[in-house]
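Just below is one structure, and these are the notes that go with it.
Chain A is the first sequence line, chain B the second, and so forth, proteins listed ahead of strands; every chain is numbered from 1. Scope of the values below: all heavy atoms of this structure, side chains included, with no hydrogens, waters or symmetry mates.
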There are 2 protein chains.
Amino acid sequence: MPPGQRAPVPALERLATYHRHLLDLEQESVVTISSAEMETHTGIPAAQFRKDLSYFGDFGTPGVGYVVTELRAAIDRILHVHEEQCLLLVGAGNLGAALVGYPGLMEQKFRLVAVFDNNYAKIGRQLWNLEIYDVARLKEINSVLQARIGVIAVPRQAAQEAANALVDAGVNALLNFAPATLRVPSHVMVRNVSFVQELAVLSYHVASVASVEQPSDR
Amino acid sequence: MPPGQRAPVPALERLATYHRHLLDLEQESVVTISSAEMETHTGIPAAQFRKDLSYFGDFGTPGVGYVVTELRAAIDRILHVHEEQCLLLVGAGNLGAALVGYPGLMEQKFRLVAVFDNNYAKIGRQLWNLEIYDVARLKEINSVLQARIGVIAVPRQAAQEAANALVDAGVNALLNFAPATLRVPSHVMVRNVSFVQELAVLSYHVASVASVEQPSDR
DNA sequence: TAGATTGTTAATCGATTAACAATC
DNA sequence: TAGATTGTTAATCGATTAACAATC
């Protein structure tokens, strides 16, 4: 509760998970829920749920639990997803196209407002309902749009350049799909999404399970 | 070095990062590299690099460093990416199509060998060079293919069912793109890739940077 | 040999888990 | 009031960082 301590990033990630489940519960017209019940839904321990929330305030009632709608709304505000968030996308390839068309984005008030590429064959074309702009115009265009989150969906070699352009345009948060280590100023947060890295971890696991011979658990 | 201790998952994730940079260094014909030099490349502290490797053995030479090619090959074997890994994909939507076409996969010896969907409008069609099969045939088909890693790229509502089908077909590692909490047997490892969750963390950051007023660092 | 750099041990840090007094 | 469940403090756990003896 005392805002002296900063919430750990893992707590923020879990907050997003709680949020998703709370939306489900709202749909099912569940009115209140206890931390123990949340545990059965999310698989995250009740103590951790309460601890995570405690970084931001008091949201529950002892002996009762949490009002689903209120808690969902509170997390909306914490994560700042209660109002529309604009996103810029750099890279109009397969992955970029999949992101623009991804229905989960607008479900959560994220809106892709502009797409950029450096390939002249693509510039000026449409990606779904959005025109593809020259990445050289990023700063100019964002001076109007004022988006603060950028999505990088370009090949590895172009990733740093895309990051530079986005930061220069006033973006201070990057979702990076390229398998590259980005250098950014300290006020910019980067979240990497790397399929290949995830697959490597799974690959390690598969090999180790195979070597132990698959136990017949469950 | 003593294999009594199990490597932490964060160490495995970093191993994949080291691997990527070592491939770059090989391209540039760099012969040896020290942990300090790796730090400048990857941004990961030298001490952590050495510690991470120490879970798996001795790979360097005091006073010299690491032979790039040897270390890359050693990590290949640790992550089990030295031989081709077959992947099954469930979900032939936009995201699935982007994954099949993603060049980074085959660069790293991951090969998507079959695509499944439950939409009869899609079954029998081609996705790039692969035929889309009925998800009901997953077990039958994998009894031949023997893939051990599955990729879930279906809508949230269908994710658990896809996971069940994959596990039933002998898969013990899942890369899940659906924003859902999957229940799986304990021998199955799940890695979640959730754009929206990542965006929520970034959204929190953007809001907090804005509230402090952007410092003029860097 | 002297200089460099490893692998490892010990110290630090931070996050998770457990326990419980406060409170509805 | 009695029962339930919170928010928080303290204990535990695990990962990161620092320091250094071993070694090329």
Every protein N/O within reach of nucleotides 21-24 of chain C N/O, cut-off under 3.5 Å:
residue, atom, partner, partner atom, Å
C/dC24, O2, A/P62, O, 3.4

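- Near-neighbour residues of DNA chain C inside residues 9-18 of chain B, defined by a heavy atom below 4.0 Å, are absent.
- Within the 6.0 Å centre-distance limit, the rings of A/F195 and B/F177 are counted as a close aromatic pair.
- Judged as a side-chain contact (heavy atoms from CB on, under 4.5 Å), and not counting sequence neighbours, the contacts of A/L130 are A/V100, A/L112, A/V115.
- Looking only at side-chain heavy atoms (C-beta outward), A/F56 and A/I75 stay at 4.5 Å or farther from each other.
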Output field dot_bracket for DNA chain C (Watson-Crick or G-U, both distances under 3.5 Å, | for other-strand pairs) contains ..||||||||||||||||||||||

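- The side chain to side chain donor-acceptor pair (under 3.5 Å) check on A/Q146 picks up A/R148, with sequence neighbours excluded.
- Summarising the geometry of A/Q160 relative to A/T181, their closest heavy-atom pair is OE1-O, 4.0 Å, with the distance given to 0.1 Å.
- The shortest distance between side-chain heavy atoms of A/V188 and A/V171 does not fall below 4.5 Å.
- In this structure, the CG atom of B/D52 is 13 Å from the C1' atom of C/dG7, given to the nearest Å.
- Pairs of residues two or more places apart, or lying in two chains, that qualify as salt bridge (charged side-chain N to carboxylate O under 4.0 Å, His left out) and include a residue from residues 189-200 of chain A are A/E13-A/R191, A/R191-B/E198, A/E198-B/R191.
- You'll find that the side chain of B/Y66 is closest to C/dG7, out of D/dT8, C/dT8, C/dG7.
- Under the rule for a side chain to side chain donor-acceptor pair (under 3.5 Å), A/E107 has no partner lying at least two apart in sequence or in another chain.
- When the shell of 6.0 Å around CD of A/E161 is examined, it contains 12 or fewer heavy atoms from other residues, nucleotides or ligands.
- In the set D/dT8, D/dT17, C/dT16, C/dT16 carries the atom at the smallest distance from any side-chain atom of A/Y55.
- The stretch residues 18-44 of chain A participates, sequence neighbours left out, in these ring pair (Phe, Tyr, Trp, His ring centres under 6.0 Å) pairs: A/Y18-A/F49.
- In this structure, the CE atom of B/M38 is 15 Å from the C1' atom of C/dT6, given to the nearest Å.
- The distance from atom CZ of B/F56 to atom C1' of C/dG7 is 15 Å, rounded to the nearest whole Å.
- For DNA chain C, the neighbouring residues in residues 41-50 of chain A, judged by any heavy atom under 4.0 Å, are A/P45, A/A47, A/Q48, A/R50.
- Looking at A/L53 and A/L71, their side chains come closer than 4.5 Å, going by heavy atoms from C-beta outward.
- Pairs engaging residues 149-159 of chain B under the side chain to side chain donor-acceptor pair (under 3.5 Å) rule: A/D24-B/R156 [sequence neighbours left out].
- A heavy-atom distance below 4.0 Å to DNA chain C is reached by these residues of residues 22-37 of chain B, ordered by number: B/S34, B/S35.
- The separation between A/F59 atom CZ and D/dT8 atom P is 11 Å, rounded to whole Å.
- Among pairs with a residue in residues 85-97 of chain B, none fulfils salt bridge (charged side-chain N to carboxylate O under 4.0 Å, His left out), at least two apart in sequence or across chains.
- The NZ atom of B/K51 sits 12 Å away from the P atom of D/dT17 (whole-angstrom rounding).
- A/T32 places none of its side-chain heavy atoms less than 4.5 Å from the side chain of A/T61.
- With contacts defined as side-chain heavy-atom distances shorter than 4.5 Å, the pair A/R72/A/L23 qualifies.
- B/Y204 is not listed as a side-chain neighbour of A/L15, based on a closest heavy-atom distance of 4.5 Å or more.
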